[in-house]
Peer 1: 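Got a structure here, written out as structure tokens. Questions coming.
All chains are named by letter (A, B, ...) in the order of the sequence lines, taking the proteins before the strands, and each is independently numbered beginning at 1. Only this structure's heavy atoms are used, side chains among them; waters, hydrogens and symmetry mates stay out.
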Amino acid sequence: MAVAETIAEPAAQAGSDLLRQRVRAAWIFLAPMLIVLALVAGWPLLRSIYFSFTNASLTNLEARQWIGFENYLSWITLKSGKTVYDGLLVDPLWWKSVWNTVRFTIVSVTLETIFGMMVALVLNADFRGRGIVRAAILVPWAIPTIVSAKMWAWMLNDQFGIINDILLNLGLISQKIAWTANPDTAMLAVLIVDIWKTTPFMALLILAGLQMIPGDIYEAAKIDGVNPVKVFWKVTLPLVRPALMVAIIFRMLDALRIFDLIYVLTANNAQTKTMSVFARENLFDFDKFAYGSAASTMLFLILTVITILYIIIGKVNFEGGR
Amino acid sequence: MAGLLLRGIKKTYGTVKVLHGIDLDIKSGEFIVFVGPSGCGKSTLLRLIAGLEDITAGTLQIDGEVVNQLAPSKRGIAMVFQSYALYPHMTVYDNMAFGMKLAKGHSQDEIDKRVRQAADVLQITPYLDRLPKQLSGGQRQRVAIGRAIVRDPKVFLFDEPLSNLDAALRVQTRIEINKLHESMPGVTMIYVTHDQVEAMTLADRIVVLNAGRVEQVGAPMELYHNPDNLFVARFLGSPSMNTIPCVIESGGSDPRVKPDGCASIPVKATIPASAAGTKGTFGVRPEDLEITTGDFSIFRGTVDIVEQLGEVTLIYVDVGTTEPVVAKIANDIPVAKGDKVALTTELRHLHVFDEKGIAYPRT
Amino acid sequence: MAGLLLRGIKKTYGTVKVLHGIDLDIKSGEFIVFVGPSGCGKSTLLRLIAGLEDITAGTLQIDGEVVNQLAPSKRGIAMVFQSYALYPHMTVYDNMAFGMKLAKGHSQDEIDKRVRQAADVLQITPYLDRLPKQLSGGQRQRVAIGRAIVRDPKVFLFDEPLSNLDAALRVQTRIEINKLHESMPGVTMIYVTHDQVEAMTLADRIVVLNAGRVEQVGAPMELYHNPDNLFVARFLGSPSMNTIPCVIESGGSDPRVKPDGCASIPVKATIPASAAGTKGTFGVRPEDLEITTGDFSIFRGTVDIVEQLGEVTLIYVDVGTTEPVVAKIANDIPVAKGDKVALTTELRHLHVFDEKGIAYPRT
Amino acid sequence: ANLSIVSGDTGNGLAVLREKLDIYEKTSGNKVTIVPMPSSTTDQFGQYKLWLAAGNSDIDVYQTDVIWAPQLAEQLVDLTEATKDVIGQHFPSIVQSQTVNGKLVAMPLFTDAPALYYRKDLLEKYGKTAPKTWAELAATAKEIQDKERAAGAKDLWGFVWQGNAYEGLTCNALEWVMSYGGGQIVEPDGEISINNPQAVAAIEEAKSWVNTISPPGVLAYQEEEARGVWQTGNAVFMRNWPYAYSLGEGADSAIKGKFDVAPLPAGTGDKARSAATLGGWNLAVSKYSKNQKEAIDLVKFLTSKEMQKKQAIEASNLPTIIDLYDDAEIAKAVPIIPRWKDVFLNAVPRPSAPTKVKYNEVSSNFWTAVHNSLAGSGTTADNLELLEAQLTKLKGNGW
Amino acid sequence: MLWHIVKRVAFYALVIGIVVISLFPFYYAIITSFKSGTALFVVNYWPTSFSLANYTQVLTTGSFVRNLGNSLFIASVVVVISLLLAVTASFALSRVRFRGRSLLLFTILAVSMFPQIAVLSGLFELIRFFGIFNTPFALIFAYMIFTLPFTVWVLTTFMRDLPVEIEEAAIVDGASPWVIVTKVFLPLMWPALVTTGLLAFIAAWNEFLFALTFTSSNNTRTVPVAIALLSGATQYEIPWGNIMAASVIVTVPLVVLVLIFQRKIISGLTAGGVKG
Ligand SMILES: Nc1ncnc2c1ncn2[C@@H]1O[C@H](COP(=O)(O)OP(=O)(O)OP(=O)(O)O)[C@@H](O)[C@H]1O
Ligand SMILES: Nc1ncnc2c1ncn2[C@@H]1O[C@H](COP(=O)(O)OP(=O)(O)OP(=O)(O)O)[C@@H](O)[C@H]1O
Ligand SMILES: [Mg+2]
Ligand SMILES: [Mg+2]
């Protein structure tokens, strides 16, 4: 909302009693929330960033030393004159997980947008039983991620999984596929589950955008004799664009930090290891707490940069056109 | 060159009956205005004609052809919406050209020519490259009309096109629509409004709708002077006609009525002798009343409120009925609150309605 | 018993100047109406008086006391909003009692008495237990007024209280507000509207605002007949006054003007002799014009459009100026499009304005 | 005092633990609560590290995996002194695995080692015996699989094991490499040995199973998936831990009474042998415990001979006290325990001791390399070479 | 006409497709939860057996019921606290003009996109410091990181749309900001409160990572963790039947809530444009 607010409001210098009272009340009202947020988000984040500049280890947190940017990048020059680089910025595994995350984000968000658009268009139409459909698509969204990951793990199981059974019966595959194990399909499996789970959310956001388009524009198009496909491309799409952009950025941020689904579904598969999984692995599983903190910090940084870029490039208006 | 024929048009939404059988003959080139209170079905009827809604029963002919099943774009109509319904992301030019571009079979030149011509007529040529949001309300409305003109329709449909404009702009655009109609003599126009001034000034014929039925169809002055019934009488005119319950004293050759609280009055209306003794309603328009000091008067009472409107003055006179009688008088006549006045009128201005509200024809 | 004194009131939002220094003296018990085009700052001024916005510069006194810094609830004012602003979750009774309950120091009995009294005055006693959404628009507006009455204010503020009501209800409520004012002689009322009829009928004095400045203050008829400037002249009256650019031919004892495209006309206005040869504007109200067949006429031209409104007819006469001249004539006079007509008026109805739009005083 | 013990044990194991604690509570007067954990050892480990790092004093006794000792050593109490009277009864190799820099980090609770499960009935039907080498296993599996499928058992597979990318794959692959004489990834002296031809051969052998005698999905299998296939009668051979034994004998099992176990097969080459990865659990006392004395007491109690016996009988857990393998009561109640002695003799530890705190990363790199090889992403030789480079970098100046 | 029918059929096929895909996994979880033993490993499309064994097992062994209670308690308290904090905060953010408001709103939005991983360790320290480790309050506290920005954001959007005149009427009536919030706005906001509350409830109910990290005993855990920790008779066994039964138990209340409040949820989701 206020993101787009440009004109600075005048200071309350010569403010009346009323204004002063309101501004004072506003800060009192805000204080508890701000304190809680600072404690629960601000402080821990600062700690993480701080740790990323130390050599802290989980087994001995107290004995940490400030080492500057070494976790990110360090180098030593060998006697032979060759320089060897080390650190997160040259860690192929990190870049692999960055790439995995980006790939996952692009594909999932794209498909969720397309499917979400389809579902939203269906829900925007007037038909009998619309309520049921709307309720039905909320179900995947409401199911806890843990539970849906387990459910799908079960369904994607290569031997007892119903997905293979269906595909075999339909003759689409000739042999049972190990969805979550095979490096070629692991990402696909994660994508399937993620798309199943979050398309409803996308659809609802898009639906809201669709419903803000005045109906008489469609009627004007009808009278102009524009066929429905053209109407979609030339009228609907440009008009939901603002809502769509906001929906996409939220989904993108969510996808970029994906953790629990992958953690449960394809825990250790190198093909699906994302930035969050990488960070957690280093933080807790490996003895590289500081290194993991550096990864968390980078993740945070990447999210911030992408958001800002997106807002600037996409001219996203968080006020929804208000 | 398009006449419209509506026969027994009905419309039902689920279980809600909105239109109860509308019959109308609209001649080619006529300017027809639908008026009526909110929710009476004006927009619905217009949308049925446009093809935006399905007709539940009855037939609709345009130019002699039954079009019940025809898609809106094939009916040779164009529609101007209350909220303009411009495509917000397209320039004025594109808004106007959109329909033609997609219709195929029109060359780029032809489209361009038609758009520029329409823009010229409406004086919006300077804005062709702007987006709708960069235009004022009046300009937007003109673009909407321009878009309709480009379609070169046989029938122009307007749904309260002026109601989003401010008073001054409304007058101006109203005049423009009037001119537009004159410049396109063969094009039939159907116009929905709830503003009487628009209806009176634009229409060749007005269709008064009430609760899904046609109350009266006729030329504006016809409706104003000879309303068929109480509804039409009260609906047109501002302030409304004073209507007072009365008893029909006698009919036949010497028709007289006795409004509640007043003396008996002779009227100029064809009232059957048999109606004597029945109840009815007696009506007279505020602008037809004048203050008299003479013997003959229709109402006598105390002035309750005086409202000076500048050019005229309204006085509300308490004559003993529940509602005061309103009279519109010249503002140089000195009246003050509390004054006792007598009001009179020429007898030919009196209206009498029977028990069901149907007017006795005036003589 | 509260007079208001506004001195140099300015209001700025960020960099936008909305009010440019308003001076006004409002006497205790007066009914003041602010009118002006949309966005001119009417609501802003009212809200400054109420204390809902900060005054950027200038002083505001109520009852001799500077209240710039005072909280709204301490100013002895009550406000009625366009959208009623009733608390939707409270019954009518609670809506009315809310302010007193918050004020403390009022016993339950006292509150009850005041609420019931106000409800009686406004005839909303039967609805005291209802929620606002169970009321019609007019009833809601009465509750809003009732809530204001209960506060027993010295100053009543109304911001377009009637604009959400339909035409008939608007007339009725307007009359009620008029009566309310009469029944509370010591209470000052300040009323914002953009409806001239409301302004003319309700006001003791009208304040015409334009772009954050006061154009003229005065009694309704005063403004109507003797507008200080072009803006006021055009703003009041419907249709607007015809205004035509003219040249001041002579001033002094025989003032004459020559409107573009017309012959020279003697006028009744105090024009300094020195003004001779300057440009100006010449104005005459449509209702003051009449068709003449005599020798003397002010305008001659061709009837362009005839609009029959029922009781009167408007004719738009093309006299060679850019805009047609409008005349309001009785509707029994036969005129048709294309007729050549001559229009005249009594000279005392003519208005002359100087180059800057300031009226030359009429004699 | 009130003690709490955290355990990843589940179901029956947990119930037995509770019974033992009840006895302890009666004799000692202390109260003990169990904090169960996710059965995934990775989850447990991350959690424990976090708790210990934060000095969590809510937990007194941790049940730890054999491989964790070096990594948690700093935050656990040295038990050498307290257990010097009983420590001699346990397998020295296990005790050794729990000793870091001369400090006994945890007391062995029970041990674990996988075996080859085979279908007695099918082998008999085709006149085979339990295979001694991997090649033999592959041949037998292939033959039976093909013939049985032809006979209508369409879903039958030859061999199921744990190919998912997780600690279990490290165990499986270590066995293959070991059985080919390819070393144990990182040798006890810290030398990185994994990049050798025998190791390549071993992994290539395993790769050849996928999609021939093992379902393609085996690359996603953990213990349960393998058992699922096995227990529905759809596998001829399975590599699994002892727990699958009693479940396979369960009432609803399709293979009840139709299977048996044998040591895992050997590879080929000079130092070929049968190898089984050493598993098992231990008990350790937190440095942050407020009741260290009682906690040590509890650990001693739970790892005592009587309790291990009870555990063996009631939960089929393999004891760590050598004598118990010859105990008649145990042999009677759980006949497989004495038989597991053979398996256990071939047990190899994972390289957790030499790699210390870096073991998890070593293991993760290893299983990733193996998984890539099995899945055909890169050649095995290349993957192992890359692995060697990664481990070398990880090792730095020393583990 | 034919084309019309084809279009209708295709449309309804799409509708049915959407419904089936949405519901099938849940349906399959339900039928799986009625199976046990080796039957689990056989694929069935229709319910074949109807055994409540898995349910009784889940509910009677272990502390699943207790976990349900924990989840209910934690999620409810989280909802109440975040709504309390958010209502006043959103009043300030939506109704009062003051310096730095935009920055604040942006910060709040930024917090809502924090990767949980990035704050896990810092939060853990803090929770230890407060001495609320392994108590429901640890989770209540931690969950604020996602429920609070969300509720503040949605309520701010909602409150901004409340008519300004009502507030001004109250100001003229002499109401202080506190009275305006509690007596005037709060009663008007209950639809928004229900929606945001519900969304916050679902988010808190479903959370896993914090719940796993900040509790260390069976009696303080929440259901998602309990499900993840459900295990069979031995370390390696995954009790699919029990997991599915537990999943169904956990999910059914949510599905019921969602069905009851679906309209509100949709409007709330869309009002905020933020994920719950
Ligand atoms: N889609 C619909 N479903 C059900 N009822 C409807 C629908 N559209 C309109 N109606 C009802 O039909 C009646 C006529 O509506 P319509 O819009 O034609 O009125 P109108 O005369 O145009 O009124 P207004 O002057 O307010 O525009 C109304 O009572 C309305 O409630
Ligand atoms: N909060 C604000 N910030 C900036 N500009 C404002 C604000 N409020 C009002 N304005 C501007 O001040 C001017 C006067 O507004 P105001 O509401 O007083 O007009 P008005 O005369 O009441 O108009 P209307 O008849 O449309 O109600 C307008 O141009 C408006 O855009
Ligand atoms: Mg309408
Ligand atoms: Mg205003």
Peer 1: If I take atom CE from residue A/Met33 and atom CG from residue E/Leu148, how far apart are they, to the nearest 0.5 angstrom?
Peer 2: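 Reported value, rounded in 0.5 Å steps: 6.5 Å.
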
Peer 1: Chain A heavy atoms under 4.5 Å from E/Leu120: which part of the residue, side chain, backbone, both or neither?
Peer 2: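 Contact with chain A: side chain only.
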
Peer 1: Apply side-chain contact (heavy atoms from CB on, under 4.5 Å) to the pair E/Tyr12 and A/Arg128, showing each step before the final yes or no.
Peer 2: CA-CA 10 Å; E/Tyr12 274 99; A/Arg128 215 181 265 267; 4.1 Å; yes

Peer 1: Nearest 0.5 Å, what's the CD1-OG1 distance between A/Ile28 and E/Thr88?
Peer 2: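 Spacing of CD1 (A/Ile28) from OG1 (E/Thr88) equals 10.5 Å.
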
Peer 1: Using every non-hydrogen atom in the two residues, find where A/Ala136 and E/Val19 come nearest and quote the distance to one decimal.
Peer 2: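 Nearest pair, atom of A/Ala136 first, then E/Val19: CB-CG1, 4.1 Å.
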
Peer 1: Measure the CZ-CG distance between E/Phe261 and A/Leu138 for me, rounded to the nearest 0.5 Å.
Peer 2: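 Rounded to the nearest 0.5 Å, the CZ-CG separation comes to 13.5 Å.
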
Peer 1: Is there side-chain contact between E/Thr251 and A/Pro144, with heavy atoms separated by less than 4.5 Å?
Peer 2: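 Sidechains of A/Pro144 and E/Thr251: in contact.
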
Peer 1: What I'd like to find out is whether the side chain of E/Gln116 reaches to under 4.5 Å of the side chain of A/Arg257, using heavy atoms alone.
Peer 2: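 SC-SC contact between E/Gln116 and A/Arg257 ruled out.
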
Peer 1: Side chain, backbone, both or neither: which part of A/Ile166 has a non-hydrogen atom closer than 4.5 Å to chain E?
Peer 2: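 Contact with chain E involves both backbone and side-chain atoms of A/Ile166.
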
Peer 1: Please identify, among E/Leu257, E/Leu126, E/Ile180, E/Val255, the residue contributing the most non-hydrogen atom pairs under 4.5 Å to chain A.
Peer 2: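 The candidate making the most pairs under 4.5 Å is E/Leu126.
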
Peer 1: Is A/Leu253 in contact with chain E via its backbone, its side chain, both, or neither, using a 4.5 Å heavy-atom distance?
Peer 2: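 Contact with chain E: side chain only.
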
Peer 1: Examine whether an atom of E/Val87 lies under 4.5 Å from a heavy atom of chain A, and if so say whether it belongs to the side chain, the backbone or both; otherwise answer neither.
Peer 2: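 No part of it gets close to chain A.
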
Peer 1: Tell me, side chain or backbone of A/Met275 under 4.5 Å from chain E's heavy atoms, or both, or neither?
Peer 2: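 For A/Met275, no heavy atom lies under 4.5 Å from chain E.
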
Peer 1: Examine whether an atom of E/Met244 lies under 4.5 Å from a heavy atom of chain A, and if so say whether it belongs to the side chain, the backbone or both; otherwise answer neither.
Peer 2: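 The side chain, not the backbone.
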
Peer 1: Considering only heavy atoms, which portion of E/Phe11 lies under 4.5 Å from any heavy atom of chain A: side chain, backbone, both, or neither?
Peer 2: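 Contact with chain A: side chain only.
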
Peer 1: Heavy-atom distances under 4.5 Å only: say whether E/Phe124 touches chain A with side chain, backbone, both or neither.
Peer 2: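 Neither the backbone nor the side chain of E/Phe124 comes within 4.5 Å of chain A.
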
Peer 1: For A/Arg24, is it the side chain, the backbone, both, or neither that has a heavy atom closer than 4.5 Å to a heavy atom of chain E?
Peer 2: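 Contact with chain E is absent: no heavy atom of A/Arg24 under 4.5 Å.
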
Peer 1: Before you tell me yes or no, could you show the steps for A/Val122 and E/Val15 under side-chain contact (heavy atoms from CB on, under 4.5 Å), namely the whole-Å CA-CA distance, both residues' side-chain angles and the distance that decides it to 0.1 Å?
Peer 2: CA-CA 7 Å; A/Val122 166; E/Val15 166; 3.7 Å; yes

Peer 1: Please look at E/Phe26 and chain A and tell me whether the side chain, the backbone, both or neither of the residue comes under 4.5 angstrom of a heavy atom of that chain.
Peer 2: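 For E/Phe26, backbone and side chain are both near chain A.
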
Peer 1: Evaluate the side-chain proximity of E/Tyr45 to A/Asp165: yes if any heavy-atom separation is below 4.5 Å, no if none is.
Peer 2: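 In contact.
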
Peer 1: Heavy-atom pairs under 4.5 Å with chain E: which of A/Met151, A/Arg280, A/Arg130 has the most?
Peer 2: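 When all of A/Met151, A/Arg280, A/Arg130 are compared, A/Met151 has the most.
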
Peer 1: How long is the span from the CZ atom in E/Phe129 to the CH2 atom in A/Trp43, to the nearest 0.5 Å?
Peer 2: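 The distance works out to 9.5 Å.
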
Peer 1: If you count heavy-atom pairs under 4.5 Å between each of A/Ser276, A/Ala25, A/Gly42 and chain E, which one has the most?
Peer 2: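 Of A/Ser276, A/Ala25, A/Gly42, A/Ser276 has the most heavy-atom pairs under 4.5 Å with chain E.
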
Peer 1: For a quick test of reading the model, state the closest non-hydrogen atom pair linking E/Leu123 to A/Pro44 and the distance between them.
Peer 2: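 It is N-CB, 3.6 Å.
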
Peer 1: Side chain, backbone, both or neither: which part of E/Leu14 has an atom under 4.5 Å from a heavy atom of chain A?
Peer 2: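 Side chain of E/Leu14 only, per the 4.5 Å heavy-atom cut-off to chain A.
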
Peer 1: Do you know which two heavy atoms are closest between A/Trp152 and E/Pro25, and how far apart they sit?
Peer 2: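 So the minimum-distance heavy-atom pair works out to CZ2-CG, 3.5 Å.
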
Peer 1: Of the backbone (N, CA, C, O) and the side chain (C-beta and beyond), which part of A/Trp154 lies under 4.5 Å from a heavy atom of chain E, both, or neither?
Peer 2: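 Both backbone and side chain of A/Trp154 come within 4.5 Å of chain E.
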
Peer 1: Non-hydrogen atoms of chain E under 4.5 Å away: do they reach the side chain of A/Leu283, the backbone, both or neither?
Peer 2: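 For A/Leu283, the contact with chain E is made by the side chain alone.
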
Peer 1: Can you check whether A/Val147 reaches E/Ile243 side chain to side chain, under 4.5 Å on heavy atoms?
Peer 2: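 Of all side-chain heavy-atom pairs linking E/Ile243 with A/Val147, none is under 4.5 Å.
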
Peer 1: Identify, with sequence neighbours excluded, every residue that meets ring-ring contact (aromatic ring centres under 6.0 Å, His included) alongside A/Trp27.
Peer 2: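 Partners of A/Trp27 under the ring-ring contact (aromatic ring centres under 6.0 Å, His included) test: E/Phe98.
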
Peer 1: Considering only heavy atoms and a distance below 4.5 Å, find which of E/Trp178, E/Tyr143, E/Trp205 pairs most often with chain A.
Peer 2: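 Heavy-atom pair counts peak at E/Trp178.
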
Peer 1: Can you tell which part of A/Ala149 gets under 4.5 Å to a heavy atom of chain E, answering side chain, backbone, both or neither?
Peer 2: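 Neither the backbone nor the side chain of A/Ala149 comes within 4.5 Å of chain E.
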
Peer 1: Given heavy-atom pairs under 4.5 angstrom as the criterion, report whether the side chain, backbone, both or neither of E/Leu84 touches chain A.
Peer 2: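 For E/Leu84, there is no contact with chain A at all, as no heavy atom is under 4.5 Å.
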
Peer 1: When rounded to the nearest 0.5 angstrom, what is the spacing between OG in E/Ser176 and CZ in A/Arg22?
Peer 2: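 The distance works out to 11.0 Å.
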
Peer 1: Go through the atoms of A/Phe51 and report whether side chain, backbone, both or neither lie under 4.5 Å from a heavy atom of chain E.
Peer 2: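 When you check distances to chain E, only side chain atoms of A/Phe51 fall under 4.5 Å.
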
Peer 1: Return yes if some donor-acceptor pair links the side-chain N/O of A/Tyr263 with the main-chain N/O of E/Leu209 below 3.5 Å, else return no.
Peer 2: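 No.
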
Peer 1: So which of A/Thr199, A/Leu303, A/Asp260 has the biggest tally of heavy-atom pairs under 4.5 Å with chain E?
Peer 2: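 Counting heavy-atom pairs under 4.5 Å, the top option is A/Leu303.
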
Peer 1: When rounded to the nearest 0.5 angstrom, what distance separates CG in E/Leu23 from CD1 in A/Ile132?
Peer 2: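 Reported to 0.5 Å precision, the distance equals 10.5 Å.
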
Peer 1: Answer with side chain, backbone, both or neither: which region of E/Ile171 has an atom nearer than 4.5 Å to a non-hydrogen atom of chain A?
Peer 2: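 Answer is side chain: those atoms of E/Ile171 sit under 4.5 Å from chain A.
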
Peer 1: Walk me through it: do E/Leu104 and A/Leu34 pass the test side-chain contact (heavy atoms from CB on, under 4.5 Å)?
Peer 2: CA-CA 9 Å; E/Leu104 263 184; A/Leu34 291 178; 3.6 Å; yes

Peer 1: Checking A/Ser293 now: which residues fulfil side-chain hydrogen bond (donor to acceptor under 3.5 Å, both in side chains) with it, not counting sequence neighbours?
Peer 2: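 A/Ser293: no side-chain hydrogen bond (donor to acceptor under 3.5 Å, both in side chains) contacts found.
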
Peer 1: Would you say E/Phe137 has more than 12 foreign heavy atoms packed within less than 6.0 Å of its CZ?
Peer 2: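 Count not over threshold, so no.
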
Peer 1: Tell me, side chain or backbone of A/Phe115 under 4.5 Å from chain E's heavy atoms, or both, or neither?
Peer 2: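 For A/Phe115, no heavy atom lies under 4.5 Å from chain E.
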
Peer 1: State, to 0.1 Å, how close A/Ile162 and E/Tyr28 come at their nearest heavy-atom pair, and which atoms those are.
Peer 2: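 Scanning both residues completely, I find the closest heavy atoms to be CD1-CE1, 3.2 Å.
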
Peer 1: Checking heavy atoms, do the side chain of E/Val223, its backbone, both or neither come under 4.5 Å from chain A?
Peer 2: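 No part of it gets close to chain A.
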
Peer 1: With a 4.5 angstrom heavy-atom cut-off, could you sort out which part of A/Ile146 is near chain E: side chain, backbone, both or neither?
Peer 2: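 A/Ile146 touches chain E through side-chain heavy atoms alone.
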
Peer 1: For E/Phe141 and A/Leu39, run side-chain contact (heavy atoms from CB on, under 4.5 Å): C-alpha distance rounded to whole Å, both residues' side-chain angles, the deciding distance at 0.1 Å, then the answer.
Peer 2: CA-CA 9 Å; E/Phe141 176 69; A/Leu39 274 180; 3.8 Å; yes

Peer 1: Please state whether the side chain, the backbone, both or neither of E/Glu207 comes within less than 4.5 Å of a heavy atom of chain A.
Peer 2: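 Answer is neither: E/Glu207 stays 4.5 Å or more from chain A.
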
Peer 1: How close do A/Ala142 and E/Ile202 get, counting heavy atoms only, and between which atoms?
Peer 2: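 Between these two residues, the closest heavy atoms are O-CG2, 4.3 Å.
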
Peer 1: Is E/Ile18 close to A/Ile137 at the side-chain level, that is, under 4.5 Å between some pair of heavy atoms?
Peer 2: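 The answer is yes; the side chains approach within 4.5 Å.
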
Peer 1: So which atom in E/Met144 and which in A/Leu37 form the shortest heavy-atom distance, rounded to 0.1 Å?
Peer 2: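 In terms of heavy atoms, the two residues are closest at O-CD2, 4.3 Å.
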
Peer 1: Checking heavy atoms, do the side chain of E/Phe130, its backbone, both or neither come under 4.5 Å from chain A?
Peer 2: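 Side chain only.
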
